[in-house]
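Hydrogens, waters and symmetry mates are skipped; everything else that's a heavy atom, side chains included, is used. Quick note on labels: first sequence line is chain A, next is B, and so on, each numbered from 1.
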Amino acid sequence: MRFTLNGKRRDVAAPPLRRLLDVLREDCGLLDGQPVASCLVPCAQAQGTRVTTIEGLGGDHPLQRCFVEQGGAQCGICTPGMIMAAMVLPPGAGLPEIREALAGNLCRCTGYTAIYRSVAAALRPTSQSARKPRPKAKPARKPKTRAKSK
Amino acid sequence: VRSALSQLHLAEPRRLDEALRFLRDDPGRVPLAGCTDVYVGLNFGTVSQTRFINLWPLRELRGIRRRAGGGIAIGALTTFSQLRASPLVQRQAPLLAQAAREIGGVQIQNRATLGGNIVNASPAADSVPVLAVADATLVLASARGHREIAIGDFFLDRRKTALQPDELLIEVQVPPLPGPGFFRKVGTRAANAISKVVFAAVRAEDARIARIAIGSVAPTVVRARRTEAALASGAGPAQAAATLQTEIAPIDDLRSTAAYRRQVVTNLFEQFWKETSR
């Protein structure tokens with residue numbers, strides 16, 4: 001089937017019910033501009049759509065920059081999904097809107113405050129670059145005594 | 001994924017009549033729309049069917065329109081994102097718009113359809129209590145023709161409906177509510193949690209007349225007809241709450257306990273009654 005991935009036309013030969021997730025090898029993406037869980041999308045239903053994944057943002061998107069600068073990335077597992085879910089928020093969106101937009105994404109570090117702070121910084125209309133450092137930079141956690149078996 | 005996805009067959013009709021012919025000729029096919037339920041089963045390897053039919057591209061089954069006699073008609077493939085964003089739904093069926101924004105999370109709402117939520121016949125389907133108190137009508141289609149069925153007659157048991165194997169749910173007709181509505185979804189967290197109890201109700205202009213429907217407390221969503229009749233004949237809220245307990249049959253499961261669900265049902269009924277009393 002044929003769709004547009006991160007701006008480029010792609011032809012994919014895959015069984016129609018193969019998960020879009022497995023076709024993209026990515027956790028979360030935008031299908032025609034709307035966030036979806038690609039583990040629940042058969043790739044046949046991506047036919048003719050525009051698919052955007054975290055790789056499509058190029059690395060210097062304001063959301064990506066703010067997650068770095070505000071400490072929103074934390075362990076990093078949920079970060080691509082959080083950023084893709086935040087993509088639909090309008091500039092200047094308030095905390096309730098941010099919380100609702102991200103409610104379908106779980107952070108197993110349970111550190112939502114830094115995530116909300118990162119998204120809010122990226123959406124601040126005045127400071128597109130969001131150069132403000134994170135308020136209370138905690139020292140990097142010391143590696144605890146690792147399991148010795150490793 | 002625990003299912004061998006490469007061995008599954010997908011029929012891809014381009015129009016509704018084509019889809020209905022596929023189902024007439026091969027009625028065992030599982031209809032796919034937003035896939036938010038079926039793919040959970042496929043990912044866990046609990047789906048035994050191997051033949052599917054993709055309804056997602058059928059534009060005829062999308063959209064929301066005003067009905068001549070009042071109320072709205074909603075295409076079965078309309079997503080919960082479309083429902084919550086629709087000014088027509090917000091105006092004509094605000095309780096449905098409220099339920100739509102509490103279902104799953106954004107990623108689910110962008111894909112899950114109203115029709116899917118109904119035909120899956122989960123006892124925890126969040127939109128169904130709202131449709132039940134609205135006395136919604138479902139339009140079913142097959143190559144044999146169309147028929148209408150009241151939502152109260154549609155659910156036969158847990159995950160069992162009156163839908164024939166060659167039929168599709170194509171439209172949901174939602175009459176206007178006779179008064180102020182009430183909707184509460186009680187779950188472990190606000191998003192992406194299956195309900196422990198989901199409760200919808202409406203209070204008519206005549207304050208003794210109410211409609212109450214509850215999910216996750218029986219094999220199907222329950223319309224509390226005996227409680228409604230008791231209220232209509234002048235029963236007070238305490239007596240009605242006691243009757244309501246006789247109309248539900250909650251169980252202990254991994255989400256909650258029967259005792260907790262019974263208590264929540266009483267609490268929500270009292271809250272509904274208080275909020276809609278003048």
Side-chain angles (χ1 to χ4, degrees), chain A residues 1 3 12-23 25-49 51-53 78 80-89 93 96-108 110 112 119, chain B residues 1-14 29-44 47 49-58 77 79-82 84-85 100-113 116 187-193:
Chain A
M1 76 225 44
F3 56 88
V12 176
L17 291 173
R18 189 170 158 82
R19 299 184 303 179
L20 184 58
L21 166 73
D22 300 320
V23 173
R25 295 185 59 84
E26 184 50 71
D27 284 316
C28 219
L30 304 182
L31 202 59
D32 280 338
Q34 294 297 315
V36 299
S38 59
C39 61
L40 301 177
V41 181
C43 66
Q45 293 185 348
Q47 166 73 36
T49 61
V51 179
T52 311
T53 66
C78 73
M82 290 288 180
I83 289 178
M84 298 316 287
M87 288 285 289
V88 294
L89 285 164
E97 281 166 281
I98 295 173
R99 289 174 65 105
E100 191 174 8
L102 302 187
N105 296 71
L106 295 186
C107 162
R108 303 318 298 265
T110 71
Y112 292 93
V119 174
Chain B
V1 197
R2 304 226 177 100
S3 301
L5 297 182
S6 60
Q7 283 158 34
L8 306 181
H9 185 265
L10 183 69
E12 303 216 54
R14 278 160 301 176
R29 281 188 186 273
V30 179
L32 289 183
C35 299
T36 53
D37 204 54
V38 171
Y39 261 70
V40 174
L42 285 172
N43 288 341
F44 277 97
V47 175
Q49 293 96 330
T50 57
R51 300 175 71 73
F52 298 84
I53 179 166
N54 183 19
L55 305 181
W56 188 251
L58 302 183
L77 290 181
T79 65
F80 289 108
S81 291
Q82 289 163 342
R84 58 179 286 189
R101 62 183 302 163
E102 295 190 34
I103 289 173
V106 174
Q107 292 90 342
I108 300 298
Q109 291 165 12
N110 282 336
R111 295 273 306 166
T113 64
T188 304
R189 63 196 294 278
N192 285 4

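- The two residues A:Gly104 and B:Asn192 make their nearest non-hydrogen contact at O-ND2, 3.2 Å.
- For a residue to count as touching a neighbouring chain, one of its non-hydrogen atoms must lie under 4.5 Å from one of that chain's; by this rule A:Val41 touches chain B with backbone and side chain alike.
- Residue contact with chain B, scored on non-hydrogen atoms closer than 4.5 Å, involves the side chain of A:Leu106 exclusively.
- Open room surrounds CZ on B:Arg101; 12 or fewer heavy atoms of other groups in view lie less than 6.0 Å from it.
- At least one donor-acceptor pair closer than 3.5 Å links the side chain of B:Asn43 to the backbone N or O of A:Cys39.
- Put simply, the side chain of A:Gln45 gets close to the backbone of B:Ala33: a donor and an acceptor are under 3.5 Å apart.
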Check your understanding: Is there a side chain to side chain contact (heavy atoms under 4.5 Å, CB included) between A:Leu17 and B:Leu42 once you walk through the steps?
Key -> CA-CA 10 Å; A:Leu17 291 173; B:Leu42 285 172; 5.6 Å; no
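- Across B:Gly105, B:Cys35, B:Ala191, the residue that shares the most heavy-atom pairs under 4.5 angstrom with chain A is B:Cys35.
- For the set A:Gly48, A:Pro42, A:Pro15, the entry with the most heavy-atom pairs within less than 4.5 Å of chain B is A:Pro42.
- Annotation for A:Arg18 and B:Leu5: closest pair CA-CD1, 3.9 Å, computed over non-hydrogen atoms.
- Neither the backbone nor the side chain of A:Gln47 comes within less than 4.5 Å of any heavy atom of chain B.
- Residues A:Leu40 and B:Gln107 form no side-chain contact, since every pair of their non-hydrogen atoms from C-beta on lies 4.5 Å or further apart.
- Contacts between B:Val38 and chain A at a heavy-atom distance below 4.5 Å are absent for every atom of the residue.
- Of the atoms belonging to B:Arg189, it is side-chain heavy atoms, and not backbone ones, that fall under 4.5 Å from chain A.
- Annotation for A:Pro35 and B:Asn110: closest pair O-ND2, 2.7 Å, computed over non-hydrogen atoms.
- Residue B:Gln7 does not touch chain A at all, counting heavy-atom pairs closer than 4.5 Å.
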